[in-house]
Every structure is written in structure tokens, then in C-alpha cells.
Colleague: 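Pasting in a structure now, in C-alpha cells, and then I'll have a few things to ask.
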Amino acid sequence: MRFTLSSSVLNGRLSTLSRVINNKNALPILDCFLFEVSGNTLTITASDSENVMKSTILLDECSGDGKFAVNNRTILDAVKELPEQPLVMDVDTTSFAIKVIYQNGLYNFTGQNAEEYPTVLAMPEGATELKMTSDTLANNITRSIFATAAEELRPVMNGIYFDLTNEALSIVASDGHKLVRNKNFGIKSNSPTSFILPKKPAALLKNVLVKDDSEITIRFDERNADITFGDSVLQCRLIEGRYPNYNSVIPQDNPNKLTIDRKILIGALRRVLPFASESSQLVRLHMEPGKLEISSEDIDFATSAKEEVVCDYAGNPMNIGFKGSSLNEILNNLTSDEVELQLADPSRPCLIVPATQPENEDILMLIMPMLLND
């Protein structure tokens, strides 16, 4: 079997697919990429047994069909230093001797029998289908993934929750201390359904999705999902279980509202946070009309910091405490120029929303307060 393809296309696809492969695999064959040639198309597969990503490449020339597996490090090291040029791969499908011929040289190495590679069951008929643009999914995952938990006792909190209703698609993540809810009113369904996407496939999608308006199709049932984008498909196992009622923790009546430039607040927070207690990372916010005072102190090391910034505040003067690193993460995962902090009182969660919401979307982030020792 012999085929020709572009070295940079192959390198790009292999670099993307290699993110799926674990450093240590229970099955040695999962250290490999699976190459399958059929007609004029090469399909490359990478798997960690729970997540499988496939990518197809149209070949320039091809003689013979077949399949083989090749160690991911071997083939990656072989092609990553090559400039753009046609590569010829000559494979003996009996002995799995592989010859890669490039402009001024060649590589020789041995592949493995592809029969050992685990097969993936196709998504059954009748699976639920969900369509959205690539930038919608990429932006929502990027905004949410930082808020997922890492809990052994409640695995449902370790993923991103997709909640499709007749009103909107809500994409939610929470670790119990902070929460992100993205509502997209352009995506809805008359038959409500939901699934929990684990953190690893979410991170893979975050890194590989192109932020454009190309269409993405998600097909899912109770256990698995297929996500098709461009020339690739990601098949993953979902987290099973009931996601907590996230709407019940979002306070509805928040009369105290503070509007501030997001980057100014991030800058002040970064300057004040190093002087907070390392264990609690407590940052105190004092709000009054026209002024926000951010302060921190570490009694053990006799350090403290305080900074005032101008803001627009409508409400009663208030002192409230937050974990500085969590507040910083939330602000860094919003993109609007200005943010609005909505508060009821110092003991209840604070909502942080963009001052201007994107069209057809409702983005909301929530952070739990910390107790102040006044």
C-alpha cells in the first residue's frame, strides 16, 4: 500500500489527535495512531478508550487499501521537523514495515497490526441531535471549563452540563463555590433533554475548535456523544447522573449593583491579592457610591494592601469578602469591557454579568462570599 499526502497537513492532524492519547495506557495499542486507507481517504484515529477522535485527510495519490497502527511518538517525531512537502508512505501490510519518503531522505520503522485496536460502536439510531456554530461551542466551553470541579464523591460536578429546554440551551459548570451559566436563546427544543460532558473531551474541543460559523453536530444518548466538526469527529463517554438544580442557587432579587471596567478591577485585584493570607486568599470589597475599595491582609506575616478604584454603584454601602483567585478567574473568563456585580447582602452569592450581554445570549457567573471577621 502506498499513498501521498502533505507533510504539514499530516503534522497538524497528528498534533491535534495526540492530545487524546494518555501518557500511560492499559492497552499498549492505545499508544498508537490507527491509520486506515480506503479509496482516496486516510482516516487517523486516536483513543484513550473513553474518548476517540477521528480525522480524515483526502490523499493526493493512493494505491491499495489497508490499515495499520503506528506509535504516536515515532510518527510525530518523524514529521514535525519537516517543511511543507509531499510525503510518500509505503506500507507492507503483511510485515507492517513502513517507509516514509520525503524530499531529501527517508524514515524506516515498523508499525503494528491494526486488528488489536479497539473498535468503537456507532451511535444508535434515534440519538438526540443538537446543532450549533463552532464559535458558540468553543466560546461556551472556554467560559465554563474553569468552574468545573475535581470531586470523586460527586462526579457529575466534574463536567459541563448541557441543558436543552424549550426556552434555550443552558451550558453550566460549577464546583460549589463558583458557577457559570451560559444561556443561548437561538438553540432550543420542544423535547427537553440534557447531558454532562466530561472535562477531558471539553478541553480537547476547547483547543481544537475553530472560532468561526461552521456547523457542529452533537449526537448523544444516555451514555455517549459524537461531536462532528470539520473533517473530524470526537466520540466520548458522558458522565452519568443527575446534575444539581443550578437555578435554585442563583439569587433573583439583587438591589445593589456595581458597574466597573473589567480590566481595571482585574489589575487592582492582582496588585492586592499577593498580600492576602495564602491559605484563605480572602479579599475584602468595600462598596459605596462612586468608589470601590479592595483590600487584603495576612495577619501572620503582618502584610496588607488596599486600593481604591472608581466605579458606578447603586445601593447601600457594603463590605463583602471573596476568594481572590476565584474572583480573578471569573473576571478573566468574561470578555466584556465592563462587568456588573449584583448583590443582595454580604452573606448571599454575588452575580457577575457582562454590562452588555451578547446578542441572543445571557451570560451569568456566580461566586459565593467568604465570612469577614469584622
Side-chain angles (χ1 to χ4, degrees), residues 5 7-38 41-57 67-80 89 98 109 111-123 127 134 137-138 140-142 144-146 148 150 155 158-160 162 173 195-211 214 216-221 223-240:
L5 75 167
S7 61
S8 57
V9 169
L10 179 62
N11 183 38
R13 297 296 172 88
L14 292 177
S15 299
T16 299
L17 291 165
S18 66
R19 299 172 192 265
V20 181
I21 299 172
N22 289 335
N23 291 329
K24 289 183 178 176
N25 288 296
L27 292 172
I29 194 75
L30 293 179
D31 291 334
C32 297
F33 292 115
L34 174 65
F35 280 64
E36 295 175 277
V37 177
S38 178
T41 304
L42 167 66
T43 303
I44 308 174
T45 304
S47 171
D48 65 0
S49 80
E50 290 199 348
N51 305 287
V52 181
M53 196 188 286
K54 295 184 176 189
S55 197
T56 55
I57 301 171
K67 58 182 182 175
F68 60 95
V70 60
N71 182 275
N72 77 92
R73 288 261 52 94
T74 305
I75 189 75
L76 275 168
D77 290 344
V79 299
K80 71 179 179 187
M89 289 189 77
I98 299 168
F109 49 89
Q112 292 183 41
N113 191 338
E115 298 303 323
E116 296 172 32
Y117 208 89
T119 53
V120 181
L121 295 173
M123 184 62 65
S134 183
L137 185 58
N140 279 288
I141 288 175
T142 302
S144 310
I145 196 166
F146 80 95
T148 53
N158 300 346
I160 298 176
F162 286 68
F195 65 90
I196 306 169
L197 183 69
K199 200 177 295 187
K200 181 171 177 177
L204 287 168
L205 290 167
K206 176 190 166 186
N207 290 320
V208 304
L209 288 178
V210 183
K211 292 192 176 178
S214 59
I216 285 182
T217 304
I218 303 174
R219 296 181 70 236
F220 62 96
D221 59 14
R223 290 188 160 194
N224 301 294
D226 278 8
I227 301 150
T228 306
F229 53 98
D231 296 324
S232 303
V233 59
L234 173 63
Q235 298 168 302
C236 62
R237 193 169 296 164
L238 299 172
I239 298 174
E240 294 179 52

Colleague: Is it the case that the side chain of Thr148 and the backbone of Ser144 share a donor-acceptor pair, with hydrogens and angles ignored and the cut-off at 3.5 Å?
Modeller: no
Colleague: Locate the shortest heavy-atom distance separating Arg219 from Ala127; write the atom from each residue and the value.
Modeller: NH2-CB, 4.0 Å
Colleague: Got Tyr117 and Glu36 here, is their nearest side-chain heavy-atom distance under 4.5 Å?
Modeller: no
Colleague: Rounded to the nearest 0.5 Å, what separates atom CG in Leu5 from atom CE in Met89?
Modeller: 7.5 Å
Colleague: Of all heavy-atom pairs between Ala46 and Leu17, which one has the smallest distance, and what is that distance?
Modeller: CB-O, 3.4 Å
Colleague: If you measure from CG on Leu34 to OG on Ser47, what distance do you get to the nearest 0.5 Å?
Modeller: 9.5 Å
Colleague: List the atom of Lys67, the atom of Ala114, and the distance in Å for their closest heavy-atom pair.
Modeller: CG-CB, 3.7 Å
Colleague: If you round to the nearest 0.5 Å, how far is CD1 of Ile160 from NZ of Lys206?
Modeller: 9.5 Å
Colleague: Indicate yes or no: at least one non-hydrogen side-chain atom of Ile57 is less than 4.5 angstrom from one of Asp231.
Modeller: no
Colleague: Do Ile218 and Leu197 make a side-chain contact, defined as non-hydrogen atoms from C-beta onward lying under 4.5 Å apart?
Modeller: no
Colleague: Is any side-chain heavy atom of Gln235 closer than 4.5 Å to a side-chain heavy atom of Lys54?
Modeller: yes
Colleague: For the pair Phe229 and Leu137, evaluate side chain to side chain contact (heavy atoms under 4.5 Å, CB included) and give the outcome as yes or no after the intermediate values.
Modeller: CA-CA 11 Å; Phe229 53 98; Leu137 185 58; over 6 Å; no
Colleague: For Ile21 versus Leu30, what's the shortest heavy-atom pair and its separation?
Modeller: CG2-O, 3.5 Å
Colleague: To the closest 0.5 Å, what do you measure between CG (Asn71) and CZ (Phe109)?
Modeller: 9.5 Å
Colleague: Looking at every non-hydrogen atom in both residues, tell me the closest pair between Lys199 and Ile145 and how far apart they are.
Modeller: O-CD1, 3.9 Å
Colleague: Measuring from atom CG of Leu14 to atom CG of Asn72, what distance do you get when rounded to the nearest 0.5 angstrom?
Modeller: 9.0 Å
Colleague: With the side chain counted from C-beta on, respond yes when Cys32 and Thr74 share a heavy-atom pair under 4.5 Å apart, and no when they do not.
Modeller: no
Colleague: Less than 4.5 Å apart, side chain to side chain, heavy atoms only: is that true for Ile44 and Leu10?
Modeller: yes
Colleague: Is the backbone N or O of Val20 less than 3.5 Å from a side-chain atom of Lys200, with the two atoms forming a donor-acceptor pair by type?
Modeller: yes
Colleague: Quick one: ring pair (Phe, Tyr, Trp, His ring centres under 6.0 Å) partners of Phe195, sequence neighbours excluded?
Modeller: Phe162, Phe220
Colleague: Ile216 and Leu209: side chain to side chain contact (heavy atoms under 4.5 Å, CB included), yes or no, with the steps?
Modeller: CA-CA 10 Å; Ile216 285 182; Leu209 288 178; 3.4 Å; yes
Colleague: Is a side-chain donor-acceptor pair under 3.5 Å present for Asp31 with Asn25?
Modeller: yes
Colleague: Hey, are the side chains of Leu42 and Arg13 touching, using non-hydrogen atoms and a 4.5 Å cut-off?
Modeller: no
Colleague: Taking all non-hydrogen atoms of both residues into account, name the closest pair between Asp221 and Leu238 and its distance.
Modeller: O-CD1, 3.5 Å
Colleague: Side-chain contact, heavy-atom cut-off 4.5 Å: Ser18 with Phe33?
Modeller: yes
Colleague: Quick one: does Ser134's side chain have a donor or acceptor within less than 3.5 Å of a partner on Val210's backbone?
Modeller: yes
